[in-house]
Amino acid sequence: LEEQCFRTQRLESLGTLAGGIAHDLNNILTPILAASQLLQLKFPQDTERYYQLMAIIENNAKRGADLVKQVLSFARGFKGERTIILIKHLISEMLLIAKQTFPKSIEFAIAIPDNLLAVSGDVTQLHQVLMNLVVNARDAMPDGGKIEIFAENRLIDEAYAQMNLDAQAGHYIELTVADNGMGMPPEILDRIFEPFFTTKDIGIGTGLGLSTVLGIIKSHGGFINVSSKVGKGTKFKLFLPAVEGCPAIKTENLAVPLGEGE
Ligand code: ADP
């Protein structure tokens, strides 16, 4: 218990520190991004090299800004704004982005039943959860592969709830995100939710993706199960408390502000 307490304290101060850094860095990056975009507009007559350089500045600034966003949302402790959310809706927003930015060799297979219950949550945060999971799945399949997403209503009983710390018995949505990528050995699987743990190259991985996912899911009263096999793939199962009696809300009536945050 003592060790756990120490760990929590350390993570808290890490969060405070990260929050400070993230805030400053964001102030630095925002004008870089704006200036580089402006320069590209104002000098249309310049050489190809000029554009290459500008693109490097912009890409790196964007990367920095993404990092800052992740650190900020991690440090903030996931306070969010609750609305009724349909998983179907989250998935179509994710697909919209993935279809534009993922390589064509990444295939999606989605199966969401019509009677799936809704969840109550922060739409921006849950969108981020889904994006982080599919980005990881993409990264685990450099030669292409399939991302399967399916969901079902699940009644979690006391016994099952007790196996998953902090969980309450009741109605849940079980959302599965599976890939047939490289998978993970147990010693990596054990560490994936640690903040800043990454096996990716510097500048590509921040190691904050899954700790953010876990923080968000926990703050929504949910929990996560992961299984993985080297060479076979990885399966994330997210359990989110369902809003009972809320299966058939019209998607058109839901405001889904998928703004970029800051
Ligand atoms: P990052 O993606 O920045 O490395 P994450 O916290 O999202 O940070 O992930 C931590 C690590 O977990 C990754 O570096 C990778 O080693 C491993 N990982 C996460 N998702 C998968 C996956 N779907 N397949 C294989 N490995 C994964």
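Read the numbers this way: they start at 1 and go in the same order the structure lists the ligands and their atoms.
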For I87, the option from L130, L238, I173 that meets side chain to side chain contact (heavy atoms under 4.5 Å, CB included) = I173
Could you give the side-chain donor-acceptor pairs of residues 131-147 under 3.5 Å, partners two or more places apart or in another chain?
from	atom 1	to	atom 2	distance (Å)
N132	ND2	G209	O	3.2
N136	OD1	K200	NZ	2.8
D139	OD2	K200	NZ	2.9

Over 12 foreign heavy atoms within 6.0 Å of CD, E187 = yes
What atoms of ligand 1 come within less than 4.0 Å of a heavy atom belonging to A140?
-> 22 (C), 24 (N), 25 (C)
Under 4.0 Å from one or more heavy atoms of L210, ligand 1 contributes atoms 5 (P), 6 (O), 7 (O), 9 (O), 19 (C)
Parallel, tilted or perpendicular: rings of Y172 and F239 (30°, 60°) = perpendicular
Can you find an N or O of N136 that's nearer than 3.5 Å to an N or O of ligand 1?
-> yes
Hey, does F236 come in under 3.5 Å of ligand 1, counting only N/O atoms on both sides?
-> no
Distance-only donor-acceptor pairs under 3.5 Å for side chains of residues 226-236, two or more places apart:
from	atom 1	to	atom 2	distance (Å)
S228	OG	M184	N	2.8
S228	OG	G233	O	3.3
S228	OG	T234	OG1	2.8

Proximity to ligand 1 by part of T206, non-hydrogen separation under 4.0 Å = both
Answer yes or no: is there a side-chain heavy-atom contact under 4.5 Å between V119 and L126?
-> yes
Check if G207 has a non-hydrogen atom at a distance under 4.0 Å from any atom of ligand 1.
-> yes
Taking N or O atoms only and a 3.5 Å limit, does I188 qualify as a polar contact for ligand 1?
-> no
I192 heavy atoms within 4.0 Å reach ligand 1 at atoms 6 (O), 12 (O), 17 (C)
Quick one: nearest non-hydrogen protein atom to atom 16 (O) of ligand 1, plus distance?
-> T199 OG1, 2.4 Å
Would you say I224 and K218 make side-chain contact, with heavy atoms under 4.5 Å?
-> no
